[in-house]
Amino acid sequence: MSACTPTRPSDPTPTRRAHPPHSPPPAPRRRFRVAGEDVSASIAVFLIALPLSLGIALATGAPLQAGLVAAAVGGLVAGRLGGSPLQVSGPAAGLTVVTADLIQRYGWRTTCAITVLAGLAQLGLGCLRVARTALAVSPAIVHGMLAGIGVTIAVAQLHIVLGGNPQSSVLANVRALPAQLAHLHPAAVAVSALTLALLLLWPRLPDPAGRLLRKVPAPLVAVAGATATASLTGLTLPKVELPSWRSHALAGLPEGPALGLVAAVLTITLVCSVQSLLGAVAVDKLVASRPGPAVRVHRSDLDRELLGQGAANIVSGALGGLPVAGVAVRSTANVNSGAVSRNSTMLHGVLVVVAALLMVPVLELIPLASLAALVMAVGIQMVSLHHIRTVTRHREVLVYAATTLGVVLLGVLQGVALGIAVAVATALHRLTRTRITHDEQEGVHHVRVRGQLTFLAVPRLSRALHLVPHGAHAVVELDGSFMDHAAYESLQDWQKTHTAQGGTAEFTGRRGGLSLTPGGEADASEPTDAPGTTGMAGPAGMAGPAGPAGVAGVAESAGAPGPAGLSAATGCRCRPWTPWRNHQCERPPTAPESAPPALAGAGAGTTPDAGTTPDTAATPGAGADTGTGTGTSRQPDGERGGSPVAPAAPGRGGHRLARGISAFQRNTAPLVRGELARLAREGQRPSQLFLTCADSRLVTSMITSSGPGDLFVVRNVGNLVPLPGAENGDDSVAAAIEYAVEVLQVRSITVCGHSGCGAMQALLGSEPGGAQTPLRRWLRHGRPSLERMADDSRPWARLAGRRPADAVEQLCLTNVIQQLEHLRAHESVARALAAGALELHGMYFHVGEAQAYLLSGVEEDQVFDHVREEDDVAV
């Protein structure tokens, strides 16, 4: 037996880790500990939340203590029960207009009752697990709602900044503004101007002193500076008044018309829920893009977040606090301050409670004009130029403008309803707006359809098609993702008539899922043979029925008919590089029954979408493969299929390659040419180095949903990273690592292993001695992984939810961890890790399950966790 062969028993789980069957291993006892990053982050968030909570309470007309109650409850209740660990909840500026209207209409105690009912409604929605449906609301509507609320806040607080009192509506505030400007209060204006100046200039302090000073939040500096100035100069100004907690008003029974109360509850529920859920998604993006060493923070559970927000609103309303929602400013500060768990959010709530009980004399020194200036600045920032540019780029500026004006002039609920109506009308307009053109180029007639093809466009489509003369070659470009039955039948009838009169027809574009059998019967359910093409059958050399892979074929050249619609040159019903099952093509019946073994390993990859292509890199051992072949009927489990197939003729591989390149130039190149031209101008700037096995079943672009310029890929047999050094090193892999880290400055390196790895099987079966072939010499770099697996003192890597299936899978997992250690030995990687500019990740891909696993453990608990489908949500 080889000295490297593992000496452990066949059961890969050691006896010391045994636990009852069908039950999870016992969880280790954990002490409650608060990380230092959470403590510092909670202080930063508290210093921002304190003045903002008072300012929002002032803007709504509620008791100022209500803002502190909402901030404390948001931190403690929503922070503990919510599904977004790093989102900070509290009184939000987006609720200011709604709450102010409710207080004016129903009084404070009824407003608190409405908040409680809204929390109950959120609990119901959370139990129904409908949180993700809120993300279906167009971002243009959400941004427009926030912009409208921001305008309303800014106009109202401007009166307090000038020393007056705000009116009941935006129009009333605008009408009263000239009179207010004529009767300025100099002291209020001076304090407000100082607050705004500090708020704007503090983040722009020059380095090096500014780097230290900017750690103090600008809102705290602005309010503290204005308060100190007002106190030292003896200015006479209205200031914060916090009555005794004994006289604090709690929620009462709702009083008012039932219909109005229901509308109020729905408004609070809608605004709180949408703002909190979108905020949770935004926090996930901030955490993912946060620089420095990766810290495992779970993605947001939106249904749990809705339940947490509902519980917080119930408690806040019952205790006489403002409505609670996720707050973008505090959440951003929490993430940027380095928070790693929900303890930072909860600790900030504790600090708010301490301040509300012990800092009342200090808080009562704050001038109201300073708080008004702070809230006015927040309202102005809610009208984001970035959001306006985004909605303009996506042609949704009309929806944004309608929502903003509706909120300003009519109210939040009415403005959102108006925005939804405009969004639906815009979508219907786009669905029915189809542009159809016809032109002739070098004897070929082009009919181009831009937009969705519905029955409303059939008359114009028919007129354009009948401009094509009899017997001519026509190309119909369908640039849309939808076609109804009327349009389909119109195209089918024209194609039959045109080909019967000696013409030819070719259908291209983004419209997929359309194929016709030779008998003329329509089948709109089969996928097309390649991204960006549509096959339509006909007697003039068009596609025949779908091949064994379920892919409709198209003749290699238009107007070159072959038997049964096949290409005479190849006799194959599928295009190269696109079918899934190793290009299983039906061959003529006279072909031999099996392909020679030499063809194994020449399989081709596939692309999940246009613009994403399989990638390979030549490194030692690259190109070897153990799982797929070309021209064979091999099934996914490696056994022969039932239908005999023919071997490739001499030179067939080169012809297949040429046809694949031709298909790329015709179909995919037009879609990616602009992006590749940009990359050619700017150069490559990938964010990741992806080091994986040369196995042909691993299509890195497909399993990572990446495209040109995203990944710098290194492939070799066994995804090995040789240790640096003259004896053990490998210049090819080391050069790629150095180039990626030092020149391309990638931010992460991923080592990806996979199931059924032939290199790991060879390592397990290796015996000492024998001829030192190039493959055996290369595999010596994997022996440390074999020794690691055989070492009883080291923990065993494992998959989440199950044990490794066998020793090969155990070695595949162990090899990923070992190669990560080898990476750290490279000088360029070590320097980048020390500087916090690089992250290392381990990944395992189970080919048969099409399931990816990411290494999430530490030295004592190395686990490869599932990457779930719901983890990849983008809004």
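Quick note: numbers below take in every heavy atom, side chains included, and nothing from hydrogens, waters or symmetry partners. Keep in mind that this is a model prediction, so the values were computed, not measured.
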If the condition is salt bridge (charged side-chain N to carboxylate O under 4.0 Å, His left out), which residues does [X] pass it with, not counting sequence neighbours?
| X | value |
| --- | --- |
| D710 | none |
| E396 | none |
| R450 | E477, D479 |
| E440 | none |

Within the 4.5 Å heavy-atom criterion, are [X] and [Y] side-chain neighbours or not?
| X | Y | value |
| --- | --- | --- |
| N173 | Q180 | no |
| C272 | Q122 | yes |
| L278 | V142 | yes |
| I153 | V378 | no |
| T99 | L322 | yes |
| L409 | V170 | no |
| D439 | R448 | yes |
| E305 | S300 | no |

For H159, enumerate each residue passing the ring pair (Phe, Tyr, Trp, His ring centres under 6.0 Å) test, keeping only those at least two apart in sequence or located in another chain.
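Ring pair (Phe, Tyr, Trp, His ring centres under 6.0 Å) check on H159 returns nothing, list empty.
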Over all atoms of both residues, closest heavy-atom pair of [X] and [Y]:
| X | Y | result |
| --- | --- | --- |
| A264 | L102 | CB-CD2, 3.4 Å |
| V324 | A312 | CG1-CB, 4.1 Å |
| P708 | E675 | O-OE2, 4.4 Å |
| A59 | A100 | O-CB, 4.3 Å |
| V327 | S331 | O-OG, 2.7 Å |

Assess the residue pair L171 and R175 against the criterion (side-chain contact (heavy atoms from CB on, under 4.5 Å)); give the C-alpha distance rounded to whole Å, side-chain angles, the decisive distance to 0.1 Å, and a yes or no. CA-CA 6 Å; L171 294 178; R175 285 194 296 266; 3.8 Å; yes
Looking only at side chains, do S462 and S490 share a donor and an acceptor under 3.5 Å apart?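 Side-chain D/A pair, S462 to S490: absent.
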R433 atom CZ: more than 12 heavy-atom contacts under 6.0 Å
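No, the 6.0 Å shell around CZ holds no more than 12 heavy atoms from other groups.
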*asked:* Using a 6.0 Å cut-off, check whether atom CZ of R395 has over 12 heavy atoms from anything other than its own residue.
replied: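 Open.
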Only pairs under 3.5 Å count here: list side-chain donor-acceptor contacts from residues 418-425, not counting sequence neighbours, and write none if there are none.
none

- Donor-acceptor contact below 3.5 Å, side chain W202 vs main chain L220: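 Not confirmed, W202 side chain does not pair with L220 backbone.
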Would L306 and S273 satisfy side-chain contact (heavy atoms from CB on, under 4.5 Å), going step by step from the backbone distance to the final call?
-> CA-CA 7 Å; L306 199 55; S273 300; 3.5 Å; yes
Margin query: What's the separation between atom CG in L461 and atom CZ in F455, rounded to the nearest 0.5 Å?
Written below: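 So the CG of L461 and the CZ of F455 are separated by 14.0 Å.
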